[in-house]
Amino acid sequence: MEDGQRMYSQQGGLTNMSGNVLPQYNMGQDEPSDQRKQEIGDILQQIMTITDQSLDEAQARCRKHTLNCHRMKPALFSVLCEIKEKTVLSIRNSQEEEPPDPQLMRLDNMLIAEGVAGPEKGGGSSAAANATAAASGGQPDSAIEHSDYRAKLAQIRQIYHTELEKYEQACNEFTTHVVNLLREQSRTRPIAPKEIERMVTIIRKKFAAIEMQLKQSTCEAVMILRSRFLDARRKRRNFSKQATELLNEYFYSHLSNPYPSEEAKEELARKCGITVSQVSNWFGNKRIRYKKNINKAQEEANMYAAKTAAAAAANVGPEGGIPWTCIILALL
DNA sequence: AAAAATGATTTACT
DNA sequence: AGTAAATCATTTTT
């Protein structure tokens with residue numbers, strides 16, 4: 001804060017921030033131009049001092065006030081106006097409306113598709129989530145129904161939203177701050193509303209870039225989660241012994257035509273506590289693997305045939321007919 | 001650790 | 001749309 005740091009106390013032409021020499025100005029009044037220059041120099045110096053030094057609030061207010069009330073202030077203002085007239089041309093031509101970034105669109109679309117952006121859905125219990133999944137899509141089980149996946153996705157969504165909110169808030173705060181600053185400065189230097197507008201769009205653009213980064217990384221996170229879980233979808237668990245038993249019973253008792261109808265599949269699914277397409281998978285696998293080595297499967301077939309026979313016998317009574325057809329079919 | 005079993009997925013066909 | 005067949009990726013058994 002020593003005076004030794006002053007580096008802009010020239011008396012002739014003053015250098016502005018860009019290093020250009022500001023034109024010397026004569027308002028055509030009767031004062032000698034030397035004195036005028038001197039005074040303008042003083043005012044500018046004061047301005048520089050204010051912007052340069054970090055004054056405490058009260059001190060700054062005081063200085064600004066004296067500056068605003070300086071008798072030469074209107075003159076300085078018009079000087080600045082004129083300077084601006086000359087330089088504004090270079091600023092003006094950055095007003096093009098940019099088309100929406102296709103990459104941003106892509107990211108947005110993906111985020112909405114993944115349910116990260118857009119309306120909140122299926123927030124509560126996994127049962128509710130499953131219900132909505134089953135209701136909304138025609139693919140109840142191939143749709144992602146793992147509560148784990150949903151939990152992770154919800155986590156990502158939450159982070160995404162809080163971050164987005166934070167950015168938005170920061171952007172607004174910063175924008176209003178800058179606008180206020182410019183408004184205040186417009187008392188001492190000419191600032192067109194368009195310039196403020198431009199500044200705001202610049203700020204918004206910067207924050208949009210940050211937002212885009214957020215979206216990008218969110219997308220990446222979702223992709224990682226997705227790939228892991230789509231692979232993890234194969235992370236199977238064997239059906240319960242009971243379920244396998246039921247399926248095998250059906251298979252071997254319908255060995256001549258082991259193609260359960262939709263209704264039959266539904267019932268099996270219900271009884272086994274698995275989905276219909278799991279039943280379909282099972283039968284698909286079973287048929288092909290049965291066919292692949294009938295010899296070995298024969299034992300199993302006999303076993304289940306005997307089992308159903310026994311069951312039927314038990315049902316009909318000790319004298320009841322043995323369902324030979326089952327066994328014969330099984331042996332074919 | 002290797003092999004077998006098993007549920008899920010993919011591909012192609014009808 | 002439903003299936004056979006091949007294949008994948010894991011679980012279970014040996």
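Throughout, a chain's letter reflects where its sequence line sits, starting with A, and its residues are numbered from 1.
An OP1 or OP2 oxygen of dA8(B) is reached within less than 4.0 angstrom by a side-chain nitrogen or oxygen of Asn281(A). Using a 4.0 Å cut-off, no side-chain N or O of Lys286(A) falls inside it from OP1 or OP2 of dT6(B).
For Lys206(A), there are no salt bridge (charged side-chain N to carboxylate O under 4.0 Å, His left out) partners at least two apart in sequence or on another chain. In this view, Gln158(A) satisfies the side-chain hydrogen bond (donor to acceptor under 3.5 Å, both in side chains) rule with no residue, not counting sequence neighbours. Every residue meeting the salt bridge (charged side-chain N to carboxylate O under 4.0 Å, His left out) condition with Glu267(A), not counting sequence neighbours, appears here in chain and number order: Lys271(A).
The NZ atom of Lys241(A) sits 15 Å away from the C1' atom of dG7(B) (whole-angstrom rounding). Straight-line distance from the CZ atom of Phe283(A) to the P atom of dT6(B): 15 Å, rounded to whole Å. Here the P atom of nucleotide dT6(B) and the CZ atom of Arg237(A) are 16 Å apart, to the nearest Å. Following rounding to the nearest Å, Ile288(A) (CD1) and dA5(C) (C1') show an atom-to-atom distance of 5 Å. Distance, Gln278(A) CD to dT6(B) C1': 12 Å, rounded to whole Å. In this structure, CZ of Arg289(A) is placed 12 Å from C1' of dT9(B), rounded to the nearest angstrom. One interatomic measurement links the two molecules: CZ of Arg236(A) to P of dT11(C), which rounds to 7 Å at whole-angstrom precision. The interatomic distance linking Ile274(A) (CD1) with dG7(B) (P) rounds to 8 Å, in whole Å.
Leu107(A) and Tyr160(A) are members of different hydrophobic clusters when ILVMFWY side chains are connected at heavy-atom separations under 4.5 Å. Transitive grouping of hydrophobic side chains (ILVMFWY, heavy atoms separated by less than 4.5 Å) keeps Leu246(A) and Phe239(A) in distinct clusters.
A donor-acceptor contact under 3.5 Å is not formed by the side chain of Asn238(A) with the base of dA5(B).
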Atom pairs under 3.5 Å, N or O on each side, protein against nucleotides 12-14 of chain B: can you list them with distances?
none

Which atom pairs link the protein and nucleotides 1-3 of chain C when you take only N or O atoms and keep those under 3.5 Å?
residue	atom	partner	partner atom	Å
dT3(C)	OP2	Lys265(A)	NZ	3.2

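Looking at heavy-atom distances under 4.0 Å, Phe239(A) makes contact with sugar-phosphate atoms alone, never a base.
Under a cut-off of 6.0 angstrom, the local environment of CD in Glu165(A) is sparse, with at most 12 non-hydrogen atoms contributed by other residues, nucleotides or ligands.
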If you look only at distance, which donor and acceptor atoms sit under 3.5 Å apart when one is on a side chain in residues 207-217 of chain A and the other is two or more places apart or in another chain?
residue	atom	partner	partner atom	Å
Lys215(A)	NZ	Asp108(A)	OD1	2.8
Ser217(A)	OG	Gln213(A)	O	3.2
Ser217(A)	OG	Leu214(A)	O	3.0

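Between Glu195(A) and Arg198(A) there is no salt bridge, since no side-chain nitrogen of the basic residue lies less than 4.0 Å from a carboxylate oxygen of the acidic one.
Side chains of Asn238(A) and Arg236(A): a donor on one and an acceptor on the other come within 3.5 Å.
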